[in-house]
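Working notes, structure below.
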Amino acid sequence: MGFLDRFFKEPSWGVHPDDHKRPAADVPLRILPTPERVYMPLSQHVGGAARPIVVVGQQVLKGQLLADAQGNISAPIHAPVSGTVFAIGDVTAPHASGLPFRAITIESDGQDRWIDTEQVADPFALAPEEIARKAAAAGVVGLGGATFPSAVKFALGKRLKVETLIVNGGECEPYLSSDDRIMRDFADQVVDGVRLVMHAIGAKEALVGIEDNKPEAIAAMRKAAASFSEVKICPVPTRYPMGSDKQLIQTLTGKEVPSNARAAEVGVLVHNVSTCAAVHKAVRLGQPLVERIVTLNGGAIATPGNIYAPLGTLVADLLAFVGLKGDPARLILGGPMMGTPLAHDRIPLVKGASGILAFNAAEAATPEAGPCIRCGTCADACPMGLLPMEMAAHIRVEDFEGAEGYALGDCISCGCCAYVCPSHIPLVQYFSYAKGELMAAERVKLRTDATKRLAEARSARIEREKQEKAEAAARRKAEKDAAAAAKAAAAKAPAKDSGQAQGETV
Amino acid sequence: MLVSVGSLSLMGLALGSMLGAASRYLAVEENPLEAEIQAMLPGSQCGQCGYVGCAQAAAALAKGEAQVTLCPPGGKATAEALAAKLGIKVDLSAVVDSGPQIADVTEEICIGCSRCLKVCPTDAIIGAAKQVHNVIREACTGCSSCVNVCPTEALSLMPIPVTLQHWVWPQPASSAS
Amino acid sequence: MNENLGSPVAAPYTTTSNNPGRIMATVMVALAPSTLYGFWLYGWPSIYLWLITIASAMLGEAFFLRAMDRQASKALTDGSAILTGWLLAVSLPPWAPWWIGAFGGLFGIVLGKHAFGGLGQNLFNPAMVARVALLISFPVQMTSWVGAAPLFAEGSPGPLDGLVILFKGIPAAFDAMTSATTLGFSKTEMSRGVDLLQSAAHAPALSMIGERAGSMGETAAWLIIAGGLMLIIKRIISWHIPVAMLLGVALPAVALNAYDPAHFLDAQTHLMSGGVMLGAFFIATDYVTSPNSPAGRFVFGFGCGLLTYVIRTWAGYPEGVAFAVMLMNALTPIIDNHFRPRIYGRNRKGLPLQVAD
């Protein structure tokens, strides 16, 4: 009974878009020839930008530290190619705004000479903290797209005594297959990384969630994990957004993460499969994160597939490698559901970039938005159980607090609502706009408070200075008076004495 | 007919007098609006509105004696918020909003006279006599008090540059109603 | 490569090919069998009335959009005006005069929909607004029912007779066709002091097939259910409103009929007569005017059913679907506010879940 499955077997949330993963997913991994120049951004992670420690003109080897982590939540940056530091300046960020950010440009010498790395034969003999330290030093961040520094998450998991490590191999975004590819081609690295992460956080079991539209990856991972009973490969239904942390946790463990809490507080921690492979390289081989697998897909690409490329490679170089069938109508970093629009192709590949999509005109065509007919399809699709149409109605009239009343803050921007909307209303943009405005209002409030404090401090200071001046003046006057009095007293001393004598005589 | 007319009139009369009584006996003595408005103003006491400080400006706004567009550092956003609070409709399209601005010292021209230090309401300018001064960006409110006293025009207001951290998504272009 | 400047557009960059026009078209397809059955059952006058009602609804939409300086052609193709006209037409007495349809179509679109701000903004179901307005203004024409007069059957009006009926009223030759509905008949008899047990013998027969007096498209219960099931399977509507509405009518009917069969009609009669079926699957389920959470939809549907039963049983009108739906439409914002879906990571009250230690 095929149609009954729709009512009983599938999760009640989410959507099922055409995945467009094949044929790109089945094409063997290709390695990008070292580009002439790479642009290594200082800010490829959540948290503080890295601080450059190289100077222009300096020779660097592949894997050499370029910029050090700065602050508690930050990650270092390493050279993705060997060569010369050419410049430290601004490049366009892979960000919807198209604003610039700092990057270190390296001119490749074409030799790809690695720096000496410290290999560890038995990393399980190391202390858990040492694994976290090595991952941090290698600049490993969440490669699923969140780019949160992994070592910080390890420490959190250790502190909150997380029992279960969830490994995210969901890759629910259409078109993308970089995680699929890493599980097919490097399953042993992934499984070793999973065990290292378990060691680092002290977890007892690992559940690897893989959507059941990737049978090859499931088979490869099962084979690699066969001798490790603590690593369980769990196929999950293909349903967008299965790769979202909260939905995957719910599907695999039945647990729900409270809306104001972190996953670790319910005893689970989620890491992406690519992150685990990066941890394997960082800990066992001592190699920092300088390369990644990126999917190049979309109708405008001649030979779609997965490419192993150094970080900092320009999107233009990647597109040239796979070939274009005419000008792409739209460039996207990431998947089509949650990706970031790219204004042009002179933008570097960053750690969190799982895919670059070049859409042709047909794929990029967006139907014109119409009025909301309150069909409720968006609410049925929302994996968080929110009411997108109500929030959008409030945001349209700039009532951001009203939208917050419908738990706008719980929105994960997965795009399900806008995807299913029959009127094609850009719901996610409404929510992003409102979240941005609310954040800006919060910043203004903080600033106003700070201003008030400063203004009060100033008036207090002026008051204090005035008082001190007055006191000083008074003191001086008093001293002067005292001195004068003393002088007068000294001069009048005999008279006083005589007076006393007089008094005594009275 | 007469009964219904009579009963309706009676009801109206009774309810009306209740409202009247309520407005007299339950009236709020102090104007709470004033405090709320003051909280919305920048609070730097820069005096550009023509009042001595933000508290006085708030009092004038609450009494309806001042325009909601009185606060240059607050800009369009503050004017909008004030208009909403006071329930008045103002055409703000005429208000030129250059966005939030902060003061900036052109170091080549600064002679280190330290006049700006004395007028800055938030102590956002550092420096000493005969030394080039500098603006602490986080503390500056863009009130332009310093710009007015600078003898060499070394001080000017610059729009705060939009950064990746501060950029926000624009409203969707096709906001169909 | 061209620089894609200007205001950025947020994800998602893919969408479905669904659109309001397609949804409306699917509903029309689901509605078509029972309407076609109505055409067959009541003959040419009903076909003409259907055409006139839809035409006037579209005219109203076009006129209003033109007056508002909006593009009329685009909005007309989304089919919402056609559907409103259609739903109104199938809830009219099949041999009603032409101006009932014309006035109803215009009234529904202009006052029921555009006065509230157009598609998606109306509080009340436009078709039901029009039907209630017509019922209150023209009670005679709106309660003049005819029995079966199948197309091409002996004694049924032909195409020309149909036009005469539409524009000049029912001629004497067809007077014998007029008939009463079960609900109307029982109500009249009860008011004369004849209880249901006595009047049952003469009451118009119920028919699952739909051969009875009633509105144009409300009689063929099985075709309406089939259409409704199609909409549920195609996920155009959810099952909550139809099921809850039918329960809302059936439960009190069962209970009170068991208590006193002489004064309360049985559940089967209630479900099989009047517009309950049409209302449950096609009218109460209108997106714009019904709640959008499953729980809310259930409450809404049950309220529609219960109010229908109450109006039929105790109020002056023999039929109450239109009134019931409109009353519940008015409650939709309140239902929406009280029956929100549970948010992931929060309890039913909307507070964050507690972390279990």
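Scope of the values below: all heavy atoms of this structure, side chains included, with no hydrogens, waters or symmetry mates. Proteins come first, then strands; the chains are lettered A, B, ... in the order of their sequence lines, and each starts at number 1.
- Residue-level contacts of residues 67-77 of chain A with chain B do not occur; threshold 4.5 Å between heavy atoms.
- A pairwise comparison of heavy atoms in B/Val168 and A/Glu437 identifies CG2-OE2, 3.9 Å as the closest pair.
- Proximity to chain B is limited to the side chain of A/Glu398, based on heavy atoms less than 4.5 angstrom apart.
- Within a 6.0 Å sphere centred on CD of B/Gln67, other residues, nucleotides and ligands contribute 12 heavy atoms or fewer.
- Across B/Ile102 and A/Arg447, no two heavy atoms sit closer than the pair CG2-NH2, 3.7 Å.
- Note on residues 409-420 of chain A: pairs passing side chain to side chain donor-acceptor pair (under 3.5 Å), not counting sequence neighbours, are A/Asp410-C/Arg346, A/Ser413-A/Lys435.
- Looking at A/Ala450, neither its backbone nor its side chain comes within 4.5 Å of chain B, counting heavy atoms on both sides.
- In terms of non-hydrogen atom pairs under 4.5 Å with chain B, the most contact-rich of A/Gln429, A/Met439, A/Arg458, A/Lys445 is A/Arg458.
- Each of B/Pro121, B/Cys54, B/Ala39 has some count of heavy-atom pairs under 4.5 Å with chain A, and the biggest count is that of B/Pro121.
- In terms of heavy-atom pairs under 4.5 angstrom with chain A, the leader among B/Thr122, B/Thr141, B/Leu41 is B/Thr122.
- Separation of atoms CD1 (A/Ile462) and NZ (B/Lys118) is listed at 11.5 Å; rounding is to 0.5 Å.
- Residues B/Asp123 and A/Arg461 approach most closely at OD2-NH1, 2.6 Å, considering heavy atoms.
- Nearest heavy atoms, B/Trp169 versus A/Tyr433: O-CD1, 3.2 Å.
- Neither the backbone nor the side chain of A/Arg453 has a heavy atom closer than 4.5 Å to any heavy atom of chain B.
- Between B/Ala139 and A/Leu454 the shortest heavy-atom distance is CB-CD1, 3.4 Å.
- Within a 6.0 Å sphere centred on CD of A/Glu465, other residues, nucleotides and ligands contribute more than 12 heavy atoms.
- At most 12 non-hydrogen atoms from other residues, nucleotides or ligands lie less than 6.0 angstrom from CZ of B/Arg137.
- Taking each heavy atom of A/Lys452 and B/Gln38 in turn, the nearest pair found is NZ-O, 3.7 Å.
- Neither the backbone nor the side chain of A/Ile425 has a heavy atom closer than 4.5 Å to any heavy atom of chain B.
- Within a 6.0 Å sphere centred on CZ of B/Arg115, heavy atoms belonging to other residues, nucleotides or ligands number 12 at most.
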